[in-house]
Amino acid sequence: VHEYATKSAGDILYRHFKGDLAKALFGFDGVVGNFASPYTPGTAYVLLHHLFGEAAGVPGAWGHAIGGMGAITQAMAQAAREAGADIVLNSPVEELIVERGRAAGVVAGGKAWRAATVVAGINPRLLFDKLVPKGAVPDPVERHMTHWSCESATFRMNVALSELPKFTVLPKPGDHLTAGIIMAPSLDYMDRAFIDAKRDGWSKQPIIEMLIPTTLDSGLAPKGKHVASLFCQHFRYQLPGNKSWDKVRDKVADHVIATVDHHAPGFAASIIGRQIHSPVDLERRFGLVGGDIFHGKMGLDQLFSARPMVGAAGYRMPLPGLYLCGSGAHPGGGVTGAPGHNAAQAVLADRKPWSRRA
């Protein structure tokens, strides 16, 4: 298992597979949401990370939430309300309240909300750089969190379609349209995409995964129409020459669409509307620092006992009363629920009358 922590996805895949397509199929999981080449040491772990868990009893599988990803948060909200929780919307948290050396609540929407326990589900760099008052934690903690590495080089698009795409290699409708469709035929292709982005800001031939959820969940679009998501790598948060994403966003989106159209002629003409999220848009809209969908890079220096830092990997932050869940906590990114579950267990353990923790 230790090899997955240090070797590249390519190292592992060349050991077990011969064909380029088979290696590319699994190699994608080593670079998705990870600004790296499949030959970069450590990508073997990212590959393994994406194969953890199960869906519907199938080990290593991913599932689709009927009604879209928002159905998951709506189900969580309903369960929370049934348990007596109050949910406050449209009130961004402005500051963490610290009293007598411990977290005592937050200021949100201009109002102070007092609490004996504060659990944050955000990027740890955002938490400590923007919300925790300066001086509330030791200087080494502040310095570490300031340098918490964030960049997944991800460009996301959602498109509304008048018809299903017809891929040249398999033009007729079939089960392939219900799965993740990866447009990156080899590890070398993925390596070139990384090199392009490192030099030019984005890939000449990007790595694209298309999902068409309406093939499983027809209620997401009008009858006969479809929606698809495009998960694209690699697109830098900081463009060379200080170029602005606001000025090149549509140009890059056109480039992505043209790449898909090369594999599925007519795709561009079938687009009714599109929603574009550059790395900067992901930060602005969702608070994903550096556009990082995992709340911090998934390198060995930021995993396991070092997520988010050595001595604070047990969900208890270096400030009494403050806990961290979300992708910035162990085990990291992906919709698993594991960081939240584990953080909740830590909170409950500390609330027991016999607990000696602060």
Side-chain angles (χ1 to χ4, degrees), residues 5-6 30-36 40-43 45-46 49-50 92-96 98 103 106 118-154 156 194 197-198 233-239 245 277-336 338-340 342-343 346:
T6 57
V31 300
V32 61
N34 182 29
F35 183 46
T40 300
T43 50
Y45 171 76
V46 181
H49 180 88
H50 283 100
V93 176
E94 301 154 25
E95 185 180 9
L96 182 77
V98 178
V106 298
V118 178
V119 184
I122 61 174
N123 187 305
R125 194 165 101 190
L126 179 60
L127 174 63
F128 284 89
D129 189 43
K130 301 296 184 183
L131 301 182
V132 174
K134 297 301 178 185
V137 295
D139 288 344
V141 174
E142 287 190 355
R143 286 197 298 270
H144 176 84
M145 294 305 179
T146 297
H147 296 290
W148 178 253
S149 182
C150 300
E151 184 174 24
S152 60
T154 300
R156 297 296 303 264
F194 170 71
K198 195 171 183 180
Q233 302 280 141
H234 291 290
F235 298 81
R236 301 296 306 269
Y237 172 80
Q238 185 69 52
L239 296 177
W245 266 112
H277 287 129
S278 73
V280 171
D281 296 321
L282 292 172
E283 181 177 79
R284 287 174 181 162
R285 183 170 182 185
F286 304 109
L288 299 176
V289 178
D292 196 318
I293 63 171
F294 291 152
H295 291 190
K297 295 191 74 170
M298 302 278 281
L300 186 58
D301 61 324
Q302 295 191 167
L303 286 170
F304 302 108
S305 61
R307 196 167 188 89
M309 67 178 295
V310 174
Y315 312 96
R316 303 171 179 92
M317 294 296 96
L319 179 67
L322 178 62
Y323 299 78
L324 181 71
C325 63
S327 294
H330 177 74
V335 187
T336 66
N342 295 348

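Everything quoted here is computed from the prediction, not taken from an experiment.
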Could you check whether any side-chain heavy atom of [X] comes within less than 4.5 Å of a side-chain heavy atom of [Y], counting everything from C-beta outward?
X      : Y      : value
Val280 : Tyr237 : yes
Leu131 : Val93  : yes
Gln233 : Phe194 : no
Met298 : Arg307 : yes
Val289 : Glu283 : yes
Val98  : Leu322 : no
His49  : Val32  : no
Leu96  : Leu319 : yes

Can you pull out every side-chain hydrogen bond (donor to acceptor under 3.5 Å, both in side chains) where at least one residue sits in residues 284-304? Sequence neighbours excluded, please.
Asp246-Arg284, His277-Arg285
Minimal non-hydrogen separation, [X] against [Y], with atom names:
X      : Y      : result
Val132 : Ala136 : CG1-CB, 3.8 Å
Ser152 : Gly33  : CB-O, 3.0 Å
Cys325 : Gly340 : CB-CA, 3.9 Å
Gly326 : Pro339 : O-CB, 3.2 Å
Tyr45  : Ala5   : CB-CA, 4.2 Å
Ala346 : Gly314 : CB-O, 4.0 Å

To the nearest 0.5 angstrom, please state how far the [atom1] atom of [X] sits from the [atom2] atom of [Y].
X      : Y      : atom1 : atom2 : answer
Lys198 : His234 : NZ    : NE2   : 11.0 Å
Glu95  : Lys130 : CD    : NZ    : 13.0 Å
Ile122 : Ser327 : CD1   : OG    : 12.5 Å
Ser149 : Arg125 : OG    : CZ    : 7.5 Å
Trp245 : Gln238 : CH2   : CD    : 11.5 Å

In Val46, Thr40, Thr154, Ile293, the residue satisfying side-chain contact (heavy atoms from CB on, under 4.5 Å) with Asn34 is Val46
Can you list the residues that meet the side-chain contact (heavy atoms from CB on, under 4.5 Å) rule with [X], with sequence neighbours excluded?
X      : value
Val335 : Met69, Ile72
Pro41  : none
His330 : Phe304, Tyr315
Pro308 : Pro124, Met145, Trp148, Met317, Leu324

Proximity of His147 and Phe128 rings by center, below 6.0 Å
no
Pairs flagged by salt bridge (charged side-chain N to carboxylate O under 4.0 Å, His left out) wherever residues 137-147 is involved - sequence neighbours left out:
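Output for this query is empty, none listed.
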